[in-house]
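Since the structure comes first, as structure tokens, the remarks are kept for the end.
Just so you know, ligand 1 is whichever comes first in the structure, and atom 1 is the first atom listed for that ligand. Keep in mind it's a predicted model, so treat the numbers as computed, not measured.
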Amino acid sequence: MTIKTRFAPSPTGYLHVGGARTALYSWLYAQAQQGQFVLRIEDTDIERSTQEAMDAIIEGMNWLGLTWNEGPHYQTKRFDRYQSFIDQLRQEGKAYRCYCSRERLDNLREAQKAKGEKPRYDGHCLTHTQPEQEGDYVIRFKNPQEGSVTFKDHVRGTIEVSNRELDDLIIARSDGTPTYNFCVVIDDWDMGITHVVRGEDHINNTPRQINLLKALGAPIPEYAHVSMILGDDGTKLSKRHGAVSVLQYRDEGYLPEALLNYLVRLGWSHGDQEIFSMEEMIQYFSLEQINKAASAFNTEKLNWVNHQYIKNMPREKVADYLLWHMQGQNIDMTQGPALTDVVAVLAERAQTLKEMAAASRYFYEEYDAFDETAAKKHLRPVAKEALLAVQEKLANLSNWTAESIQQAISNTATELDVGMGKVGMPLRVAVTGAGQSPSLDQTLLMIGQARSVERITKALNFIANREKQA
Ligand code: GLU
């Protein structure tokens, strides 16, 4: 039997990290079983579904590399299909029209609550059969009254719910549109879904869906309900915790591989291994190893994972992602080093690609102004002599290599009989505008000879102006 899983988001919001993790688990299970993965857009809530959200979901899935074998299917394109099964259930006497007014239902609920009972529909329109009439009605599914529904959840073990807990579910609204639980059942059946992996917020729907599947004579899939993700303060993850669209994580400079790696570990483990290649994730993943307990999102850990990927992934690959951020920050890259060189020198220092792009600007463009603190400390009149001397040596180098640059700096220090820092720090501020950078020889090498020399002049002018003002 081919394993088939699905991800079935409602396009009422973006693809957030919780949804992405559910999608990942579902996708991984399909990959691990050499199965198929289906993307289904549950857009029946027409008022709250937006094209923007649909596009963002698909863009997010693509960015993460969670490819689907089938779909996207759209529920709004399948209304005829749902209708035919509603008709069938009605003909078979498994569903019925309910004419109960809102007022009657409200009173019923109040009376039940007053008696301390769980509110549920009392089956009034089933027992008081009346000739079919026009006017407002909904269609209800005749849920079995006896027995119970039992299913084995791959994460939570066996779950049993008494049918007495379940009332007659509305499967079509008064405007004729089918409801969520009904569409899911028909879709999972039609699409041959063998394993439903979804959020635990749907666990109460599962017994109802199983009863519907049984009434339709459909096979019952297996289920895995994945726990919630909490913020680091223990409350449900929300925007407040920075849990936003996965595309925002892209914009903030996370690598999709790193985000997936972080998400797979958030609620699943394989010993104490933290970093997994995609092949390893697929090889080791199992639904049974998913945590029953909720997991807490931890941005520091995500940053750590991201940094591991920046340091250890092939440079060419990191450079490809970095390019997108360079373009996003409008950095003019027509002159300057190869991006793989930027990755090589900045990987240790940047936890995100956004930081890396920002930190690499001076390799390509003039910086706007000197960092104030750095300039105050290092671009002082005493630095003039060292800057002039090192500038001359650098300008005269016929070979622009890390070694020759290093040699020019140390010769200057020796000649002036000062420590290396007295030459190096003013030089660093001169060529980068800032007080921190990768090693000076690498930095100058990548900035280039002409630019380095020009920037030293700029620093000397800055010092001269300062002297004038003093
Ligand atoms: N559309 C539902 C949601 O976004 C998921 C339904 C399901 O996975 O069964 O919460």
Side-chain angles (χ1 to χ4, degrees), residues 3-30 35-58 60-61 64 66 68 70-79 82 149 151 153-156 159 161 169 171 173 177-213 216 218-229 236-238 243-246 267 287 290 294:
I3 297 298
K4 217 168 171 191
T5 65
R6 62 6 175 234
F7 178 51
S10 304
T12 53
Y14 300 114
L15 177 62
H16 50 81
V17 287
R21 188 188 60 166
T22 303
L24 171 63
Y25 286 177
S26 192
W27 182 88
L28 278 176
Y29 189 66
Q36 302 268 307
F37 178 66
V38 178
L39 178 61
R40 179 167 85 220
I41 306 286
E42 304 207 321
D43 55 349
T44 52
D45 186 342
I46 295 164
E47 305 238 303
R48 292 174 56 229
S49 299
T50 66
Q51 186 61 45
E52 203 190 343
M54 284 183 234
D55 295 345
I57 288 168
I58 290 179
M61 293 287 284
L64 289 170
L66 299 179
W68 49 94
E70 200 186 297
H73 293 293
Y74 293 88
Q75 289 189 324
T76 44
K77 300 226 168 89
R78 294 174 42 80
F79 277 154
Y82 307 135
V149 189
F151 65 97
D153 187 278
H154 280 264
V155 179
R156 275 145 225 280
I159 295 178
V161 179
L169 184 75
I171 56 175
R173 303 181 186 89
T177 55
T179 55
Y180 157 73
N181 276 297
F182 192 72
C183 300
V184 167
V185 158
I186 301 301
D187 288 349
D188 284 341
W189 179 25
D190 268 352
M191 294 166 198
I193 303 302
T194 61
H195 290 72
V196 171
V197 180
R198 62 182 168 194
E200 70 171 341
D201 46 332
H202 288 288
I203 203 158
N204 292 333
N205 292 323
T206 304
R208 298 172 178 286
Q209 293 180 5
I210 291 176
N211 279 339
L212 275 167
L213 287 161
L216 289 159
I220 315 295
E222 300 194 27
Y223 294 91
H225 289 91
V226 180
S227 298
M228 278 196 306
I229 301 181
K236 189 166 191 264
L237 192 66
S238 69
V244 282
S245 155
V246 294
L287 297 172
I290 296 176

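- Asp43 and Gln75 share no donor-acceptor pair across their side chains, judged by distance under 3.5 Å alone.
- One distance of note links CZ of Arg40 with CG of Asp188; it measures 4.5 Å at 0.5 Å rounding.
- The shortest N or O to N or O distance between Val196 and ligand 1 is not under 3.5 Å.
- Contact of the Glu70 side chain with the Leu39 side chain is not registered, since no non-hydrogen atoms from C-beta on lie closer than 4.5 Å.
- For the residue pair Ser227 and Arg156, a side-chain donor N or O sits within less than 3.5 Å of a side-chain acceptor on the partner.
- The only member of Asp45, Asp55, Ile41, Thr50 that meets side chain to side chain contact (heavy atoms under 4.5 Å, CB included) when paired with Pro11 is Ile41.
- The protein heavy atom nearest to atom 5 (C) of ligand 1 is Ala8 O, 3.3 Å.
- Close approach of ligand 1 to His202 (heavy-atom distance below 4.0 Å) involves ligand atoms 2 (C), 3 (C), 5 (C), 6 (C), 10 (O).
- Listed by number with element, the atoms of ligand 1 under 4.0 angstrom from any heavy atom of Glu42 are 1 (N), 2 (C), 5 (C), 6 (C).
- Counting heavy atoms under 4.0 Å from ligand 1, residue Pro9 touches it through the backbone alone.
- Against a heavy-atom cut-off of under 4.0 Å, Arg6 is close to the following atoms of ligand 1: 7 (C), 8 (O), 9 (O).
- In the vicinity of Tyr180, heavy-atom distances shorter than 4.0 Å reach the ligand 1 atoms 6 (C), 7 (C), 9 (O).
- To the nearest 0.5 Å, atoms OH (Tyr25) and CG (Leu66) are separated by 12.5 Å.
- With a 4.0 Å heavy-atom cut-off, ligand 1 is reached by no atom of Phe7.
- In this structure, the ring of His154 has its center no less than 6.0 angstrom from the ring center of His225.
- Side-chain atoms of His202 and Tyr180 form a donor-acceptor pair, as typed in the model, at a separation below 3.5 Å.
- Below 4.0 Å from some heavy atom of Ser10 lie the following atoms of ligand 1, by number and element: 1 (N), 2 (C), 3 (C), 4 (O).
- Not a single N or O atom of Asp201, backbone or side chain, sits closer than 3.5 Å to an N or O atom of ligand 1.
- Residue contacts with ligand 1: Arg40 is placed with no nitrogen or oxygen under 3.5 Å of a nitrogen or oxygen of the ligand (distance criterion only).
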